[in-house]
Protein chains: 2
Amino acid sequence: MSEDQLSRVFAALADPTRRDIVARLAVGDATVGQLAAPYNVSIQAVSKHLKVLEDAGLVSHSQDAQRRPRHLEANVFDMMTAWIERYRRQAEERYRRLDAVLASMDEESKPTINQGAAS
Amino acid sequence: MSEDQLSRVFAALADPTRRDIVARLAVGDATVGQLAAPYNVSIQAVSKHLKVLEDAGLVSHSQDAQRRPRHLEANVFDMMTAWIERYRRQAEERYRRLDAVLASMDEESKPTINQGAAS
DNA sequence: GGTCTTCTCAACCAATCAGTTGAATAACCC
DNA sequence: GGGTTATTCAACTGATTGGTTGAGAAGACC
C-alpha cells in the first residue's frame with residue numbers, strides 16, 4: 001500500500017532473474033536450491049534475490065526441515081495493477097478529450113497545433 | 001516487448017519521483033521546467049529522470065522552440081499489465097487447484113501439510 | 001549581435017546493487 | 001556424535017544510480 005512498498009515491488013521486478021523466479025514460483029513453490037539450479041550464479045546470489053522479493057512482499061517462505069520453500073504472494077500484484085491502471089486510464093481519457101478538441105477545431109479555422117515527432 | 005524493455009520500465013517506475021512525474025504527465029503534457037518546479041532538486045536531475053522514462057518508452061517529447069514538452073506514452077503500460085496479469089492469474093489458478101486438493105484430502109485421512117507462517 | 005530562457009552533456013561523488021567467496025547456523029541421516 | 005544438506009550472514013568488489021555543479025547548445029526576444 002505504501003509508496004515505499006510500491007517502489008520496492010517495481011525495483012524487485014526490474015531484474016530479469018527475479019522476474020524469472022516469479023514466473024517459476026507462479027507454477028509452484030520451490031526451495032532456494034531448486035530455484036538456483038538453472039542459473040550459473042551462486043546459491044547465495046539467488047538467496048539475495050529472494051530476499052529482495054520477500055522485502056517487496058512478492059514472496060513468502062515456510063519451513064520444512066532445512067528447506068525454506070518459497071511461495072508467490074499474488075495479491076501484491078493487485079497493488080501494482082491498480083497503480084498502472086490509474087495512469088493509463090487517465091492518459092487515455094486525456095487523449096480522448098484531445099481528439100474531441102481537435103475535431104471541434106476542425107470545424108473552425110484550425111490553427112496549427114504542435115504535435116511534434118517523438119525524440 | 002523485449003525482456004530488456006520490461007526491465008527498463010520496471011526500473012523507471014521504481015523511483016517515487018519518476019512515478020510522480022508519470023502521474024503529472026497523465027494529467028497533461030509538460031516541459032522539463034514545469035515538471036521540475038515542485039521538487040527541490042536541480043532541473044538537470046529531473047532531466048535525467050525524464051531520460052530514464054524515455055529510454056523505457058514511457059514518455060516521449062516534441063519540440064516547441066527551446067522547450068521540449070513531455071508526453072506520456074500510455075501504451076507501454078499495457079506491456080507491464082500483461083506481464084503482471086500472466087503470473088497473477090497463474091498463481092491464483094494454482095491456489096485454486098491446491099484448495100481442491102486439500103478439499104479432496106479432507107475426505108481421506110488428511111496427512112498434515114506444511115503451510116507454515118511467512119517470515 | 002547580445003542576452004535571456006530552456007534544456008542537455010560531462011565530470012564528479014556517495015550510496016546502492018548484484019555478484020563473489022568464506023564462514024556460520026540448523027536440521028536431517030547414519 | 002559426525003557428516004551431509006540447505007540456507008543465510010558477512011565482507012569484499014565492480015557497476016549502476018541519483019544527485020550535484022559547470023559548461024555548452026539552440027532558439028526567442030530586443
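Numbered from 1 within each chain, the chains take letters A, B, ... in sequence-line order.
- Note: NZ (B:K51) to P (D:dG18) measures 13 Å, nearest angstrom.
- Between the C1' atom of C:dT20 and the CG atom of A:N40 lies a distance of 13 Å, rounded to the nearest Å.
- Across the protein-nucleic acid pair, A:D20 atom CG and C:dA18 atom C1' stand 16 Å apart, rounded to whole Å.
- Heavy-atom distances to DNA chain D give each of A:P69 and B:A11 a nearest nucleotide, and the one nearer the 5′ end belongs to A:P69.
- Taking only side-chain nitrogens and oxygens, B:R67 never comes nearer than 4.0 Å to OP1 or OP2 of D:dA28.
- The side chain of B:R70 lies closest to C:dC7 when the candidates are C:dC7, D:dG18, D:dG19.
- Distance from the side chain of A:A45 is smallest for C:dG19 among the nucleotides C:dG19, D:dT7, D:dG19.
- Using modelled atom types, one finds no donor on one side chain facing an acceptor on the other under 3.5 Å when comparing A:R70 with A:S62.
- At a cut-off of 3.5 angstrom, the base of D:dG18 holds no donor-acceptor pair with the side chain of B:Q44.
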Inset, instruction - With side-chain contact (heavy atoms from CB on, under 4.5 Å) as the test, would you mind laying out the steps for A:L58 and B:Y87 before giving the verdict? - result: CA-CA 11 Å; A:L58 283 159; B:Y87 298 113; over 6 Å; no
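- Put simply, the residue from B:E73, B:E54, B:H71 that forms a side chain to side chain donor-acceptor pair (under 3.5 Å) with B:S60 is B:E73.
- Computed from coordinates, the A:I21 CD1 to C:dG19 C1' distance equals 13 Å when rounded to whole Å.
- Taking atom CG of residue B:D29 and atom P of nucleotide C:dT6, one finds them 17 Å apart after rounding to whole Å.
- A:S42 has no side-chain polar atom (N or O) that falls below the 4.0 Å cut-off from OP1 or OP2 of C:dT21.
- Comparing C:dA18, D:dG19, D:dT8 against the side chain of A:S47 picks out D:dT8 as the nearest.
- Out of C:dC7, D:dT8, D:dG18, the shortest distance to the side chain of A:V32 is found at D:dT8.
- Between B:E92 and the options B:Q90, B:R94, B:R88, a side chain to side chain donor-acceptor pair (under 3.5 Å) holds for only B:R88.
- Within 3.5 Å, no donor on the side chain of A:Q66 pairs with an acceptor on the base of D:dA6, nor the reverse.
- Look at CD on B:Q34: it is 13 Å from C1' on C:dC7, rounded to the nearest Å.
- Side-chain proximity of B:K48 to C:dT20, D:dT8, D:dG18: nearest is D:dG18.
- When the P atom of D:dC9 is taken as reference, atom CG of A:L50 falls 12 Å away, rounded to whole Å.
- Proximity of A:R68 to the phosphate of C:dA27: no side-chain N or O atom is located under 4.0 Å from OP1 or OP2.
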Legend entry - Audit row: B:V32, B:R68, side-chain contact (heavy atoms from CB on, under 4.5 Å) steps and yes/no: CA-CA 7 Å; B:V32 179; B:R68 301 192 201 18; 5.5 Å; no
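- The NE2-C1' distance, from A:H61 to D:dA6, rounds to 13 Å in whole Å.
- Under 3.5 Å, the side chain of B:Q63 and the base of D:dG27 form no donor-acceptor pair of N or O atoms.
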